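Remember, predicted model here, so these are calculated numbers, not experimental data. Along the sequence shown, residues carry numbers from 1.
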Amino acid sequence: EEDRENLVAKLEEAETSASEVRFEAKIRSGEGSSTIWLDTAWSVTWSTSNSSLYCVISDISARKKLEQLKRDFVAMLSHDLRTPLSSVQASLELVSSEHFQLPDNALKYINRAERGLQLSLALINQLLEIEKMESGVISLSLDALSTEELFNKASYSVASLAESRKVKISYEGQSIEFVGDSERLVQVLINLLGNAIKFSDDHSKVTVTAELQHVSDDCAITRINVTDEGRGIPNENIDQIFERFQQVNPRNDKEKSGTGLGLAICKAIVEAHGGRIGVNSQVGRGSTFWFEIPLS
């Protein structure tokens, strides 16, 4: 009953519309005690020659149930897991502070527990972030910025990691001004730089460049490249690395660290800007991760 009025309105809209009309509605299947309600998706087109409505109705009940399970899981992560873990982390930080004179052995185990909690909370926060992005909840704070400005902020964040691996980071070429969410795009560049350093050999270099590309007379894009001298990515891994929990097979613990969500988050941020992200790589010759953002 609650969907009937909307359904009739949509059918009437299809009669006067030159294009297909899509909507969802619950419909009853069966009679009496065997009655069940199905979630359905409708695609309706008006046929002028037949003076008829042509309707395709798909049962999406399973998909709706899966979406609800997904929402429940995210809510559980957010409340039932993150809240108590944050409380435990705060307690450990208090116990390991100078107010408590604990023996070195005890502090060693407390610090190990803190690191484990930090990794768990980081994973939960990244999962929640990517769920928001993929559901279209992500909001962008757009402003004028430049590619060199992005590099300066991102390189500062990974400077200590680069020093520990003796990897040189540099920016080469022109600086391009465009419109984007500075905080989000810095997050993308930090992730790409961090991965480049992690998979590079000691005493190698990572280079960031920017290009202005004209797609058409009224469309231009800013392309930012992050090039390393690492071991490269096998062809069979390239198509999957931007998916959740996908990582190139690590050679050691330094490469193994990470959640496998960083590149998926980068992809969501870039696509929210209407852009694209990708990688060109050759085993033994290094990789170039790139992302493109429309100029305006």
- request: In plain terms, say whether E183 and K153 are close enough for a salt bridge, that is, a side-chain N and a carboxylate O under 4.0 Å apart.
  value: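 No, no charged N to carboxylate O under 4.0 Å.
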field: Donor-acceptor pair between W290 and T288 side chains, under 3.5 angstrom
entry: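 No - no donor-acceptor pair under 3.5 Å links their side chains.
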message: Can you confirm whether F199 sits close enough to I233 that some side-chain heavy atom of one is under 4.5 Å from a side-chain heavy atom of the other?
response: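 Sidechains of I233 and F199: no contact.
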Any L192 side-chain heavy atom under 4.5 Å of I224 side chain: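 The answer is no, as the side chains (C-beta and beyond) never meet within the 4.5 Å cut-off.
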task: Output, in order, the C-alpha distance, side-chain angles, deciding distance and verdict of salt bridge (Lys or Arg N to Asp or Glu O under 4.0 Å) for R22 and E20.
output: CA-CA 7 Å; R22 291 175 174 268; E20 174 188 48; 3.2 Å; yes
message: When you measure from the side chain of N191 to the backbone of Q187, do you find a donor-acceptor pair of N or O atoms at a distance under 3.5 Å?
response: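 No, because the side chain of N191 does not come within donor-acceptor range (under 3.5 Å) of the backbone of Q187.
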- request: Report yes if some heavy atom in the side chain of F242 is under 4.5 Å from a heavy atom in the side chain of F289; otherwise report no.
  value: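 Answer yes - side chains close enough.
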message: As an exercise, state the distance from CG of N235 to CD of Q282, rounded to the nearest 0.5 Å.
response: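 The distance works out to 9.0 Å.
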- prompt: Should I27 and Y54 be regarded as members of a common hydrophobic cluster, given that ILVMFWY residues are connected when their side-chain heavy atoms come within less than 4.5 Å of each other, either directly or indirectly?
  reply: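 Hydrophobic grouping puts I27 apart from Y54.
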- prompt: Any idea which heavy atoms bring S281 and G286 closest together, and the distance?
  reply: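 Closest heavy-atom pair between S281 and G286: OG-O, 3.3 Å.
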field: Sidechain-backbone polar pair: H203 side chain, V167 backbone, donor-acceptor under 3.5 Å
entry: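 Answer holds: no.
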- request: Working to the nearest 0.5 Å, report the span between CG of L193 and CZ of F151.
  value: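 Taking CG in L193 and CZ in F151, the distance rounds to 7.0 Å.
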- request: Step by step, work out the side chain to side chain contact (heavy atoms under 4.5 Å, CB included) result for S287 and N280.
  value: CA-CA 6 Å; S287 305; N280 302 321; over 6 Å; no
query: Where is the tightest heavy-atom contact between L140 and H273, given as atom of each residue plus distance?
result: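 That closest heavy-atom pairing would be CD2-CE1, 3.7 Å.
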- request: Give a yes or no on whether F291 and L212 share a hydrophobic cluster (residues Ile, Leu, Val, Met, Phe, Trp, Tyr; joining criterion: side-chain heavy atoms under 4.5 Å apart).
  value: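 The answer is yes; both residues are in one hydrophobic cluster.
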- request: Only pairs at least two apart or in different chains count here, so list each side chain to side chain donor-acceptor pair (under 3.5 Å) that has a residue in residues 166-180.
  value: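 Pairs touching residues 166-180 that pass the test: T147-Y171.
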query: Is S34 reaching over with its side chain to a backbone N or O of G30, donor-acceptor style, under 3.5 angstrom?
result: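 A pair under 3.5 Å: no.
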- prompt: Do the side chains of Y156 and V186 join up, straight or via other hydrophobic residues, at under 4.5 Å, putting them in one cluster?
  reply: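 Hydrophobic grouping puts Y156 apart from V186.
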- prompt: Applying the side-chain contact (heavy atoms from CB on, under 4.5 Å) test to V44, which of L11, V56, I57 qualifies?
  reply: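 Only match with V44 under side-chain contact (heavy atoms from CB on, under 4.5 Å): L11.
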query: Can you find a heavy atom in the side chain of Q213 that is under 4.5 Å from one in the side chain of T222?
result: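 In short, these two side chains do not touch, never coming nearer than 4.5 Å.
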task: List the steps and the verdict of side chain to side chain donor-acceptor pair (under 3.5 Å) for N225 and T209.
output: CA-CA 5 Å; N225 307 290; T209 58; 3.2 Å; yes
Distance, nearest 0.5 Å, that separates NZ of K26 from CD of E1: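 Going from the NZ atom of K26 to the CD atom of E1 covers 15.0 Å.
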field: Straight-line distance of I110 CD1 to S96 OG, nearest 0.5 Å
entry: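 One finds 6.0 Å between CD1 of I110 and OG of S96.
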query: Side chain of S51, backbone of S47: donor and acceptor closer than 3.5 Å?
result: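 A pair under 3.5 Å: no.
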Heavy-atom pair of closest approach, residues I169 and A162: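 Smallest interatomic distance, heavy atoms only, reads CD1-CB, 3.7 Å.
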- request: Can you see which heavy atom on D39 is nearest to which on S61, and at what distance?
  value: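 Smallest heavy-atom distance, with atoms named: N-OG, 3.0 Å.
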Side-chain heavy-atom pair V158, I190 within 4.5 angstrom cut-off: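 Result yes, sub-4.5 Å side-chain heavy-atom pair found.
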message: When you measure from the side chain of R231 to the backbone of V283, do you find a donor-acceptor pair of N or O atoms at a distance under 3.5 Å?
response: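 Checking the backbone N and O of V283 against the side chain of R231, no donor-acceptor pair under 3.5 Å is found.
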Least distance between heavy atoms, E13 atom then V21 atom: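 Residues E13 and V21, closest heavy atoms: OE2-CG2, 4.0 Å.
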- prompt: Roughly how far, to the nearest 0.5 Å, is the CG atom of L295 from the CZ atom of R223?
  reply: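 Atom-to-atom, R223:CZ and L295:CG are 15.5 Å apart.
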message: Checking the side chain of S58 only, and the main-chain atoms of I60 only, is there a donor and an acceptor separated by less than 3.5 Å?
response: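 Side chain of S58 to backbone of I60, a donor-acceptor pair under 3.5 Å: no, none is there.
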field: Qualifying residue for salt bridge (Lys or Arg N to Asp or Glu O under 4.0 Å) with R165, from D201, D202, D228
entry: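 So the option named by the test is D202.
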field: Cationic N near anionic O, under 4.0 Å, R63 to E24
entry: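 The answer is yes: the pair qualifies as a salt bridge.
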- request: Looking only at non-hydrogen atoms, find the nearest pair between L7 and W42 and report the distance.
  value: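 Heavy atoms of L7 and W42 come nearest at CD1-CZ2, 3.6 Å.
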- prompt: Within a strict 4.5 Å, meaning less than it, do heavy atoms of the V188 and L150 side chains meet?
  reply: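 No - every pair of side-chain heavy atoms lies 4.5 Å or more apart.
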- prompt: Is a side-chain N or O of S200 found less than 3.5 angstrom from the main chain of A196, in a donor-acceptor match?
  reply: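 Confirmed, S200 side chain pairs with A196 backbone.
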- request: Let me see the working for N111 and L92 under side chain to side chain contact (heavy atoms under 4.5 Å, CB included), right down to the final yes or no.
  value: CA-CA 8 Å; N111 290 335; L92 286 174; over 6 Å; no
field: Cluster check F23, V8: I/L/V/M/F/W/Y, side chain < 4.5 angstrom
entry: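 No; V8 is not reachable from F23 via cluster members.
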message: Strictly distance-based, threshold 3.5 Å: is any side-chain N or O of D181 a donor or acceptor partner for the main-chain N or O of R184?
response: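 Answer holds: yes.
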query: With side chains defined as the heavy atoms from C-beta onward, is the minimum distance between L185 and I293 less than 4.5 Å?
result: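 With C-beta onward as the side chain, the pair touches.
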message: Starting from L94, can I reach L102 by hopping between I/L/V/M/F/W/Y residues whose side chains sit under 4.5 Å apart?
response: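 Looking at the clustering, L94 is in the same group as L102.
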query: Hey, what do you get for CD1 (I197) to CG (L161), rounding to the nearest 0.5 Å?
result: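 Rounded to the nearest 0.5 Å, the CD1-CG separation comes to 4.5 Å.
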message: Are Q68 and K64 packed together at the side-chain level, in the sense that at least one heavy-atom pair is separated by less than 4.5 angstrom?
response: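 Heavy-atom side-chain distance check fails, nothing below 4.5 Å.
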